[in-house]
Amino acid sequence: MSSELLNTFKTAAENYDEDVQQWKKTVGGKAIGFLLTDVPEELIHAAGFFPFGISGGDTRMDMADAHLQFWACSFVRSSLAMALEGKLDFLDGLIIPHTCDTTRMVLGIWKHAKPLSLMDNFRIPKQVERPSAQKYLVGEISRLKKLLEDFRGSEITDEELWQSIKLYNSNRELLRKLFFLHEKNPNLLGNRNLYTIIKSSMVISREKLNKLLQELLNSLEKEEETSSPGNHKSRIVISGTLLEPMEILDFFEESGGVIVADDLKNGFRYIESDVPEKSDPIEALAERQRSRIPSAAYDNNNNPRRDFLVNLAKEKKADGVILLHLKYCEPENYDYYDNYLALEAAGIPAMRIETEFGGVALGQLRTRVQAFMEMVGGGGSD
Amino acid sequence: MTEKKPFKTAELMKEMMKGYYRDGAHAKENGIPVVWVTAVSPVEIIYAAGLFPYYPENFGAVAAAKRVADKLSQVAESKGYAHDLCGYARCGIGDAYSEEHPVGEIVKPDITMVCNTQCGSLSKWFEVASRFYKVPHFVLDAPQIGNEPEELVTQYFIEQLYELISFLEEVTGKPYDYDRLNEVLKLSSEACRLWNEVLETAALEPAPFGFFDACFHMAPIVTMRGTQQAVDYYRALKEELDERIKQGIPAIPNERFKLYFDHIPHWPKLRWFSELFASRDALVAVSQYTHSWAYDFDLSRPIESLAEQYTEEFVNRFFDYRIELKKRLMEKYDVDGFVLFSNRSCKPNAFGLYDKRKIITEETGIPGVVFESDMSDLRFFSEEQIVDKLEPFFEQLEAGKES
Ligand code: SF4
C-alpha cells in the first residue's frame, strides 16, 4: 500500500510538470513559479494560482552561459537554464526571494531572457529581530498581494487567505508527522523517500497533497506496528542551503545513517514553522517568515545559526553534522567556518561536503559520506 | 608614452589619508569607538556621533592595489572561505586570521555597521567580523528598488536609522547630537557637489581628468565625506583641474575616444589598464562607480533625506534602472564605446552584464565589450585573455571613427 503511494510522490518529483499541467487544463488557472523557498506561497494559492517550486537541476547547464557567469550558483543557473530550454513554459509568473546577490540580480536577467506576465523579487528583510522588520515585511507581503490581485483582476479576501493558510499549515503538519515518524523508525520510509516527498510537495496541488499524505501516514502507522526500528543507525543532521544531489541520501542509508534533522530550504526548514492562526493574515505570514529556522540569507543576532545548529544536534542526539555546501553559494560559505567551530567546540563531529546541481561525481561523494560515517562510528553493521 | 605630470593635490591626499589611518589606529586610545561601515552607507550618522568610521572595503582595495590580496585571501581560504567570495572580504577575513600584515593590520572594530545597499557580501563579512572581534553588530537593511522610489522602503529605512541612533546611544552612553548631524550633512553635500564637478570635467574634449584619475582621487569622498577636510580637498582638486584646463594639460596625450567603464577598477593592474587604453587613444571618462557619491541632503529633514538618498542610490536599484543609468552617463559624456568588467569578486555588479551589453548596444548602437577577471586577486587575471577580448573592440572603435 505505502509503496504505491511512495511511487506517486517519486513520479511527481521526477515528472514535476505533470500535476501542474493537468491542473491548468482542468481548472484553467495560472501557475506561479518560485525559487526555493522563502516565499509566502499561501498568498499565491489564495489568489487561485498554482504555486510551483522550481527545484533546478533538470537541464543542460550551458543554456545559461550567455546570461549568467559560471561562477553563479548552480541552483540559480540551472533554474534559469530550465526556463530557457522551455522546460518551465507552463509558468505564468515567477517570484524570486531575495536571499543573496544572485537571486537579487537574476530577476532582471530572467525578465529579459524569458519574460513572464508577473515577475518580481520577494524582498525578505535581512534583519528579522527589530520592530522595523515586522512592519516592513507586512508592507512587502501586502505589495506582493496587490501584485497578485492585479494579475487575477480581483481582491484576495481574508477568508480566501485564511483558507490557504490553513491548508498549508495542515500540509506542513502532515509532512512533519512523516518526518518525525522517519526519525523514530527509519526503516519505514528511508532518507530518500522522505526528502522526495518534501520535494514533490512543491509541485503537487496542495489539495491533492493533503489526501496523499494522509493516506501515506495511515498506512505507515499500520506498518509501524509490525516493523522494528532497529538500533544500528547513526543519527545525522544536514545543514546547508539546498539538498542536492538526492543520491547523497542513499549514500547515508547504505552506511547506516539516518537523517534526523536539517536546516535546508528544501528540507525540514520548509515545513517547520506554521503561520500562526491569529490576528491579521498578513501579519501572521510576516511572523512566520521572521521566525523560521535561521538561514544564511539574513542576520539572526539573537538566534545565531551556529548556536541553533549545536542545540539541534544535541536535541536530536545526533552523531554528526554534515555541512552541505552548494558550490558558489556565498551566504552559506560565509557561515561555514563559524558553524564548524561551534560544532567542534561542542564536541559534535562535523564535515563539509561540497556539491553542485548537475555534474557531481557521485562516486567521490559516496566515498566522502562513507569516510564521515566511519568517523562518527556508523557503518551499517546490521 | 610621456609620463603624465602628477597632480599637486595627490600629495595632499596622501597626507590626508595617512592622517585618517593614524586617527583610526589611535581612536581607541583616545576613547573613540571605531565603527566599521560600508561604502554606500549613511556614514554621516557615524561622524555626527563623534565615532570613527572605518572602511574595511578600502583596506581590501589597498591590499589589492599592493598585490597582496592573494596572500591574505589564502589565509581565509585555509579556513574554508572559498576564493569565489568578494576579494575585499577575503582580505579582511584573511587579515583577521593572519600573523603577517603586509599592508598593516586592519583597524579592529568596536561596532560593525553594515548597510546592504551594495551587496550581500558585506552583510555576511561584517557578521563574520562581529563574531571574530566579538563586537555589537547592526544591519541597516535596504530592499532593492526599481525605477521609482518606494514609500515602503523609505519608511523602513527611516525607522532603521532611528533604531541605529538608539543603538549608538546605548553603546556609547551618549545622547545623539542632531545639530551636529546637520553640520555633517552640509559638509557631505558640499564634498559630493565638488566631487561631481571634478568628474564632469571628463566630458571636456580633450579632458583633463578621467576614470583612472578618479580611482586615485576617490578615497576621501568614500571615507571622509562629512568632514571639512574632504571639502577642502575637492576644492583644491577642482582648482587644480581648472588650472590644467587653462594650460591645456590633458588626461591622456592624444584623446580620440571616450569610453564608459563598469564598474570597480582592477586594482592590482590599474596602471596596466590605464596605459592600455591610453595607448589606443581612449580615455575612460566615466563609470557609474565613481558617480556613486552624489548626495545632496535636505537639511530641513535630515533623516528622511538620508533614507531617500541612500536607498535610491543606483547600487540599490534593479536591472533596468541600471541600464538606463549607464545609457544616461554614456550620452552625457558622449562616449564612443563601453567596457564592462565581469568582476568575479562582485556578483551584484557582474551578474547581468552579458545581457546589459547586448541591450545597450542594441538600443544605442554604441559598441561594448565584457571582460572577465577579478578586481583584487591576480590569480584570476590573464593579460592575454583580456587583450584578446579588447582587441576587436578597439578595432570597432577605429572603424566607427572612419565611417
Ligand atoms: S566589491 Fe562588490 S561584493 Fe565586494 S563589497 Fe563591494 S559591492 Fe560588495
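When reading the values below, keep in mind they use all heavy atoms of this one structure, side chains included, and skip hydrogens, waters and symmetry mates.
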Trainee: Heavy-atom pairs under 4.5 Å with chain A - which of B:Asn349, B:Asn343, B:Leu140 has more of them than the others?
Mentor: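 Top option by heavy-atom pairs under 4.5 Å: B:Asn343.
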Trainee: Measuring from B:Phe351:CZ to A:Leu68:CG, what's the distance to the nearest 0.5 Å?
Mentor: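 The CZ atom of B:Phe351 sits 5.5 Å away from the CG atom of A:Leu68.
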Trainee: Is the closest side-chain heavy-atom distance between B:Phe380 and A:Trp71 below 4.5 Å?
Mentor: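 Contact flag for B:Phe380/A:Trp71 side chains = no.
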Trainee: What distance separates A:Asp338 CG from B:Lys79 NZ, expressed to the nearest 0.5 Å?
Mentor: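 These two atoms lie 11.0 Å from each other.
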Trainee: Looking only at non-hydrogen atoms, find the nearest pair between A:Asp65 and B:Tyr354 and report the distance.
Mentor: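 Between these two residues, the closest heavy atoms are O-CE1, 3.5 Å.
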Trainee: With a 4.5 angstrom heavy-atom cut-off, is it the side chain or the backbone of A:Ala66 that approaches chain B, or both, or neither?
Mentor: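 Looking at A:Ala66, just its backbone touches chain B.
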Trainee: Is the number of heavy atoms from other residues, nucleotides or ligands under 6.0 Å of B:Glu362 CD greater than 12?
Mentor: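 Enclosed.
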Trainee: Given heavy-atom pairs under 4.5 angstrom as the criterion, report whether the side chain, backbone, both or neither of A:Tyr136 touches chain B.
Mentor: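 It is both, since atoms from each part get that close.
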Trainee: Please assess A:Tyr337 against B:Phe132 for the test ring pair (Phe, Tyr, Trp, His ring centres under 6.0 Å), listing each intermediate value before the final yes or no.
Mentor: CA-CA 11 Å; A:Tyr337 188 56; B:Phe132 183 87; 9.4 Å; no
Trainee: Please flag which part of B:Cys86 lies under 4.5 Å from any non-hydrogen atom of chain A: side chain, backbone, both or neither.
Mentor: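 Both parts, backbone and side chain.
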Trainee: So which of B:Val114, B:Ile359, B:Val128, B:Asp141 has the biggest tally of heavy-atom pairs under 4.5 Å with chain A?
Mentor: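 The residue among B:Val114, B:Ile359, B:Val128, B:Asp141 with the greatest pair count is B:Asp141.
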Trainee: Honestly, is A:Arg123 close enough over B:Tyr156, meaning NZ or CZ under 6.0 Å from the six-membered ring centre and within 45° of the axis?
Mentor: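 No - A:Arg123 does not lie over the ring of B:Tyr156 by the 6.0 Å and 45° rule.
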Trainee: Between the side chains of B:Asp355 and A:His67, does any donor sit under 3.5 Å from an acceptor?
Mentor: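 Yes, side-chain donor-acceptor contact under 3.5 Å.
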Trainee: Checking heavy atoms, do the side chain of B:Glu150, its backbone, both or neither come under 4.5 Å from chain A?
Mentor: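 Just its side chain gets close to chain A.
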Trainee: If you round to the nearest 0.5 Å, how far is NE2 of B:His137 from CG of A:Asp299?
Mentor: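 If I round to the nearest 0.5 Å, the distance is 4.5 Å.
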Trainee: Hey, are the side chains of B:Lys358 and A:His112 touching, using non-hydrogen atoms and a 4.5 Å cut-off?
Mentor: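 Side chain of B:Lys358 against side chain of A:His112, heavy atoms only: no contact under 4.5 Å found.
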Trainee: Do the side chains of B:Phe319 and A:Leu107 get nearer than 4.5 Å, heavy atoms only?
Mentor: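 When only atoms from C-beta onward are counted, B:Phe319 and A:Leu107 do not touch, as no gap falls below 4.5 Å.
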Trainee: For chain A, find which of B:Cys346, B:Ala76, B:Cys119, B:Gly352 contributes the most heavy-atom pairs closer than 4.5 angstrom.
Mentor: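 The residue among B:Cys346, B:Ala76, B:Cys119, B:Gly352 with the greatest pair count is B:Cys119.
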Trainee: Give the interface residues of residues 160-171 of chain B toward chain A, defined by a heavy-atom separation under 4.5 Å.
Mentor: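 So far as heavy atoms go, B:Gln160, B:Glu163 are the residues that approach chain A to under 4.5 Å.
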Trainee: Taking the six-membered ring for Trp and the full ring for Phe, Tyr or His, determine whether the centres of A:Tyr334 and B:Phe126 are under 6.0 Å apart.
Mentor: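 Between B:Phe126 and A:Tyr334, which both carry aromatic rings, the centre distance is not below 6.0 Å.
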Trainee: Check whether more than 12 heavy atoms from other residues, nucleotides or ligands sit under 6.0 Å from atom NZ of A:Lys135, and answer yes or no.
Mentor: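 Incorrect, the count does not exceed 12.
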Trainee: Determine, for B:Lys124 against A:Glu330, whether the closest basic-nitrogen to carboxylate-oxygen distance falls under 4.0 angstrom.
Mentor: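 A:Glu330 and B:Lys124: not salt-bridged.
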Trainee: If I measure from the heavy atoms of chain B, does A:Glu140 come under 4.5 Å with its side chain, its backbone, both, or neither?
Mentor: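 Backbone plus side chain of A:Glu140, per the 4.5 Å heavy-atom cut-off to chain B.
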Trainee: Which residue out of B:Val139, B:Ile93, B:Asn116 racks up the most heavy-atom pairs below 4.5 Å with chain A?
Mentor: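 Highest number of pairs under 4.5 Å: B:Val139.
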Trainee: I need the residue from A:Pro304, A:Ala133, A:Gly139, A:Cys100 with the largest number of non-hydrogen atom pairs under 4.5 Å to chain B.
Mentor: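 Greatest number of close heavy-atom pairs with chain B: A:Gly139.
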Trainee: Is the shortest heavy-atom distance from the side chain of A:Gln69 to the side chain of B:Glu372 under 4.5 Å?
Mentor: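 Yes, at least one pair of side-chain atoms sits under 4.5 Å.
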Trainee: Go through B:Asp84, B:Leu152, B:Val153, B:Leu353 and name the one with the most non-hydrogen pairs under 4.5 angstrom from chain A.
Mentor: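 If we count pairs closer than 4.5 Å to chain A, B:Leu152 comes out on top.
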Trainee: Please examine the side chains of B:Pro348 and A:Arg104, heavy atoms only from C-beta on, and report whether any two atoms are closer than 4.5 Å.
Mentor: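 Sidechains of B:Pro348 and A:Arg104: in contact.
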Trainee: Would you mind telling me which of B:Gly146, B:Ser123, B:Ser342 has the largest number of heavy-atom pairs within less than 4.5 Å of chain A?
Mentor: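 Answer, by heavy-atom pair count under 4.5 Å with chain A: B:Ser342.
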Trainee: Is atom NZ of B:Lys327 surrounded by more than 12 heavy atoms (other residues, nucleotides or ligands) closer than 6.0 Å?
Mentor: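 Counting neighbours around NZ of B:Lys327, more than 12 heavy atoms of other residues, nucleotides or ligands fall under 6.0 Å, so yes.
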Trainee: Please name all residues satisfying ring pair (Phe, Tyr, Trp, His ring centres under 6.0 Å) with A:Phe122, sequence neighbours left out, ordered by chain then number.
Mentor: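 Scan of A:Phe122 (ring pair (Phe, Tyr, Trp, His ring centres under 6.0 Å), adjacent residues dropped) gives none.
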Trainee: Which atoms of B:Arg344 are under 4.5 Å from chain A, going by heavy atoms: the side chain, the backbone, both sets, or neither?
Mentor: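 The answer is both parts of B:Arg344.
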Trainee: Quick check on B:Asp320 against chain A: is it the side chain, the backbone, both or neither that has a heavy atom closer than 4.5 Å?
Mentor: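 When you check distances to chain A, only side chain atoms of B:Asp320 fall under 4.5 Å.
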Trainee: Name the region of B:Ala142, side chain, backbone, both or neither, that has any atom closer than 4.5 Å to a heavy atom of chain A.
Mentor: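 Neither the backbone nor the side chain of B:Ala142 comes within 4.5 Å of chain A.
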Trainee: Heavy-atom cut-off 4.5 Å, strictly under: side chain, backbone, both or neither for B:Ile145 against chain A?
Mentor: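 Backbone plus side chain of B:Ile145, per the 4.5 Å heavy-atom cut-off to chain A.
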Trainee: Hey, are the side chains of A:Asn121 and B:Phe318 touching, using non-hydrogen atoms and a 4.5 Å cut-off?
Mentor: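 A:Asn121 vs B:Phe318: side chains touch.
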Trainee: Indicate yes or no: does B:Glu151 engage A:Arg143 in a salt bridge with an N to O separation below 4.0 Å.
Mentor: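 Result for this pair is no, no salt bridge flagged.
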Trainee: Tell me whether B:Gln385 at atom CD has more than 12 heavy atoms from other residues, nucleotides or ligands lying less than 6.0 Å away.
Mentor: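 It does not: B:Gln385 CD has 12 such atoms or fewer within range.
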Trainee: Hey, what do you get for CG (A:Asn300) to CD (B:Glu127), rounding to the nearest 0.5 Å?
Mentor: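 A:Asn300 atom CG to B:Glu127 atom CD measures 8.0 Å (nearest 0.5 Å).
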Trainee: Relative to chain B, which segment of A:Asn301 carries a heavy atom at a distance below 4.5 Å: side chain, backbone, both, or neither?
Mentor: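 Just its side chain gets close to chain B.
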